[in-house]
Amino acid sequence: MSRRRLLPREFYARSPEIVAPDLLGKLLTHRRRGEWLTGRILEVEAYLGLTDPASHASIGRTARNAVLFGPPGIAYVYSIYGMHYCLNVSCLPDGEPGGVLFRALAPIEGIESMARLRHLSVEAKPRLLAGGPGRLCQALGISRKERNGVDLTLASSDLQILDDGKVPKAIQVTPRIGIRKAADRPLRFLVVD
DNA sequence: GTGAGGATCGTCT
DNA sequence: GACGATCCTCACA
């Protein structure tokens with residue numbers, strides 16, 4: 001296994017448009033009941049601050065989106081449509097809102113646990129395991145109550161992003177998905193399969 | 001294989 | 001009181 005480096009806070013203290021493509025190929029890992037569930041990041045979307053109508057931060061600071069306005073490198077977990085969770089990480093220095101939404105992972109460690117959490121067999125296709133924001137959180141066992149506000153840059157955290165040195169061969173940029181506002185902006189980044 | 005519609009609730013107005 | 005940064009099922013072709 002190659003060496004893994006925890007991404008420092010400075011990594012996130014940049015514009016989401018820069019951080020998002022940089023996150024592709026990194027390892028997202030979550031410690032659940034003592035077991036590390038890990039996946040390689042395949043797809044992300046950048047959400048800018050006040051100027052991005054699609055961003056939760058565009059309506060101004062509220063109790064719900066406060067994390068986006070805080071320091072960089074913090075997990076922002078929110079529930080959507082009453083039945084799904086989505087995982088983001090805050091970007092830009094303290095006080096400036098912005099973030100990156102994780103949309104898809106390639107499962108690497110803890111695949112059996114992920115399949116169990118998703119109520120699927122271990123033989124299920126990776127895309128079904130963690131392809132899609134809601135699936136991703138379900139597969140890793142992430143809930144808002146437990147994980148919103150967790151610092152991703154601490155070695156003691158249960159939720160981290162690691163760099164094992166691997167870089168995607170090619171990155172594709174497309175408009176964002178599943179939103180109505182500003183859906184035409186090319187802020188979705190994915191690893192070309 | 002593809003597209004329409006239902007599920008379901010925290011959060012903000 | 002209305003509405004999502006979604007996912008899944010079920011028709012129908």
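In what follows, every chain begins at residue 1, and chains take the letters A, B, ... in the order their sequences are listed.
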Inset, instruction - Could you go through the side chain to side chain contact (heavy atoms under 4.5 Å, CB included) check for I177(A) and R103(A) one step at a time? - result: CA-CA 10 Å; I177(A) 289 186; R103(A) 293 191 52 90; 3.8 Å; yes
How long is the gap from [atom1] on [X] to [atom2] on [Y], to the nearest 0.5 Å?
X	Y	atom1	atom2	result
D22(A)	L7(A)	CG	CG	8.5 Å
R118(A)	I111(A)	CZ	CD1	14.0 Å
I161(A)	T153(A)	CD1	OG1	10.0 Å

Legend entry - Residue E35(A) excluded, over 12 heavy atoms near CD under 6.0 Å: yes
Inset, instruction - Identify whether any heavy atom of R135(A) sits under 4.0 Å from a base atom; if not, whether one sits that close to sugar-phosphate; answer base, sugar-phosphate or nothing. - result: sugar-phosphate
Inset, instruction - Under 4.0 Å between any heavy atoms, over every strand shown, what does R188(A) touch: base, sugar-phosphate, or nothing? Just pick one. - result: nothing
Legend entry - Among dT6(C), dC8(C), dA5(C), the one nearest H84(A) by side-chain distance: dT6(C)
Just how far, in rounded Å, is [atom2] of [N] from [atom1] of [X]?
X	N	atom1	atom2	answer
L120(A)	dT9(C)	CG	P	10 Å
L136(A)	dC7(C)	CG	P	9 Å
R185(A)	dA5(C)	CZ	C1'	14 Å
I179(A)	dT6(C)	CD1	P	8 Å
R118(A)	dC7(C)	CZ	P	9 Å
L128(A)	dC7(C)	CG	P	11 Å

Inset, instruction - Answer with yes or no whether the hydrophobic clustering places L159(A) together with L105(A); edges join I, L, V, M, F, W, Y residues whose side-chain heavy atoms lie under 4.5 Å apart. - result: yes
Inset, instruction - Could you pick out which residue, G131(A) or K181(A), lies toward the 5' side of DNA chain C when each is mapped onto its nearest nucleotide? - result: K181(A)
Legend entry - Nearest-nucleotide comparison on DNA chain C, the residue closer to the 5′ end among G134(A) and R180(A): R180(A)
Legend entry - Note: E109(A)-R4(A) ion pair, threshold 4.0 Å (strictly below): yes
Inset, instruction - Consider only side-chain N and O atoms of S79(A) and R144(A), and report whether a donor and an acceptor are under 3.5 Å apart. - result: no
Inset, instruction - Considering just the side-chain nitrogens and oxygens of R176(A), establish if one lies under 4.0 Å of OP1 or OP2 belonging to dT6(C). - result: no
Legend entry - Y47(A) aromatic ring stacked with six-membered ring of dA5(C), 5.5 Å and 30°: yes
Inset, instruction - Using the ring of F11(A) (Phe, Tyr or Trp, six-membered ring only), decide whether R14(A) places NZ or CZ under 6.0 Å from its centre and within 45 degrees of its axis. - result: yes
What N/O pairs connect the protein and nucleotides 9-13 of chain B at under 3.5 Å? Give each pair on its own line.
| residue | atom | partner | partner atom | Å |
| --- | --- | --- | --- | --- |
| dT11(B) | OP1 | R144(A) | NE | 2.9 |
| dT11(B) | OP1 | R144(A) | NH2 | 3.1 |
| dC12(B) | OP1 | T62(A) | OG1 | 2.4 |
| dC12(B) | OP1 | R64(A) | N | 3.3 |

Inset, instruction - Hunt down any stem DNA chain C takes part in, defined as 3 or more consecutive Watson-Crick or G-U pairs whose two distances are each under 3.5 Å. - result: B:1-7 with C:6-12, B:9-12 with C:1-4
